[in-house]
Amino acid sequence: MALKISVIGTGYLGATHAACMSSLGLEVVGVDLDSAKIERLKGGRVPFYEPGLEELLQEQLATGRLTFSDNFDAISDADVHFICVGTPQVKDGLAADMSYVDGAIEAIAMRIKPGSLVVGKSTVPVGSAARLRDRLRTLNPEVDLAWNPEFLREGFAVHDTLHPNRLVVGVASNEAEDILRAVYAKNIAEEVPWVVADLPTSELVKVAANSFLATKISFINAMAEICEAAGGDVTVLAKAIGYDPRIGSRFLQAGIGFGGGCLPKDIRAFMARSQELGADQALEFLREIDSINMRARSRVIDLVRRELGENLAGKKVAVLGAAFKPDSDDVRDSPALDIAVQIHAAGASVEIFDPKAMENAKLRFPTLAFAQSIDECLAQADIVLHLTEWQVFREINPTVAATLVNNPIIIDGRNALDRELWQMAGWKVRALGRAS
Ligand code: UGA
């Protein structure tokens, strides 16, 4: 008999997981307390921008295998329950806010049938899974809990869920592993590496992976600072070290650094947890990773001041990009928006354009100005900042763009533009980690 699964929380992770599990042939019900979100999903609309997801959602709704509900009773006949709620940074510290995960466990514990398996996917502080398993089994002794961290990237969420580069399952019993093998039978048949771990190791795999990625980015941004001081070029340096397969060339793109809803809060929550464990010294370096990352943002503002003078009042700054990365409308902890806000606060008149993230950016910072088009954004600018490397920005014709601005100066905050092309069109191009 086909397994039925439930997905608790239909945000980024949950909506993607629900649609993808349905496309693997499982019967899926997605539940969320947010009725408006559920209505949209039922209607085949995804409440955020993720390439390919809306099409997949509509296709899967049409099969009848995928349903959504704001009534948690809808999960009661499912065999496996995936917890996909968020764990944002707490407002008054570095730790992760576990209230949504805790709330989800309380909400489902008495509704699920004996023999069913609860599977956490949310990114949590190590030790949470064991604690939640105890709590769940106190409320409902005949169920089990496993942990199965998610490694999807925004912008590639569907691909990463359907074709993960590994599946990691943290289990406390053989039965739990057997159930997860049945859920992921198709991936296993495609020889996706299957890593079985205990509960704490599975939780740690996720934060260790994100910490490593953050470290790689901050490493290259530290090299960018050195290149600037020594007159080197960080893009050539990154290319050269990346040929060493032990280092690898990916995630060595120097620029304004990492943002989003994951890397920044995950390294902070990891530091907070290490302190609770009495092992804070081991992660002391992450504090430096975080500060190199935040410094990249202020270095762009220093560059703006170097070009326009200390007093930015009355200067028009065109900002290309608001999302934390391309192919996403997510503006959580976006380096681009952070820089825009700081320049605005310094008195400049900032105008922003982003192909997908304008609505979210406006909601977060209603006092900033947003342009309707790239041309409108560039018009009369004293300086242009390229802060999110969307393809449409790489396609800008620099010769035409030069006729729109006041001053043809651009700061490439992502080292993603064709510098020679822009220079040939008369632009002064500045970038982090490259001599001008
Ligand atoms: C990240 C991880 O890459 C995923 O594996 C993980 O599942 C996810 O977090 C999560 O924890 O849910 P994501 O936040 O979608 O995924 O974004 P990334 O592609 O990792 O990029 C993060 C940030 O680093 C972006 O702001 C990006 O612009 C920046 N970045 C990335 C750089 O500045 N340089 C690089 O070379 C690469």
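Indexing begins at 1, ligand by ligand and atom by atom, following the structure's order.
- Listed by chain and number, residues touching ligand 1 at under 4.0 Å (heavy atoms only) are Glu150, Phe151, Leu152, Arg153, Glu154, Lys206, Asn210, Leu213, Ile217, Phe251, Leu252, Gln253, Gly257, Phe258, Gly259, Cys262, Leu263, Asp266, Phe324, Lys325, Arg414.
- Within the structure, side-chain hydrogen bond (donor to acceptor under 3.5 Å, both in side chains) pairs that include any residue of residues 18-34 comprise Thr10-Asp32, Ser22-Gln60 (at least two apart or interchain).
- Listed by first then second residue, pairs satisfying ring-ring contact (aromatic ring centres under 6.0 Å, His included) with a partner in residues 16-57 read Tyr12-Phe48, His17-Phe82, not counting sequence neighbours.
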Can you give each donor-acceptor pair under 3.5 Å made by side-chain atoms of residues 199-211, sequence neighbours left out, with the distance rounded to 0.1 Å?
from   : atom 1 : to     : atom 2 : distance (Å)
Thr201 : OG1    : Asp198 : OD1    : 2.5
Ser202 : OG     : Leu199 : O      : 2.7
Glu203 : OE1    : Gly127 : N      : 2.9
Glu203 : OE2    : Ser128 : N      : 3.1
Glu203 : OE2    : Ala129 : N      : 2.7
Lys206 : NZ     : Glu150 : O      : 2.6
Asn210 : ND2    : Asp266 : OD2    : 2.8
Ser211 : OG     : Val207 : O      : 2.7

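- Checking Asp338 against Gln342 by side-chain atom types alone, a donor-acceptor pair falls below 3.5 Å.
- Side chain to side chain, Asp375 and Ser373 fail the donor-acceptor criterion of an N or O pair below 3.5 Å.
- No salt bridge links Lys325 with Glu154; every basic N to acidic carboxylate O contact stays at or beyond 4.0 Å.
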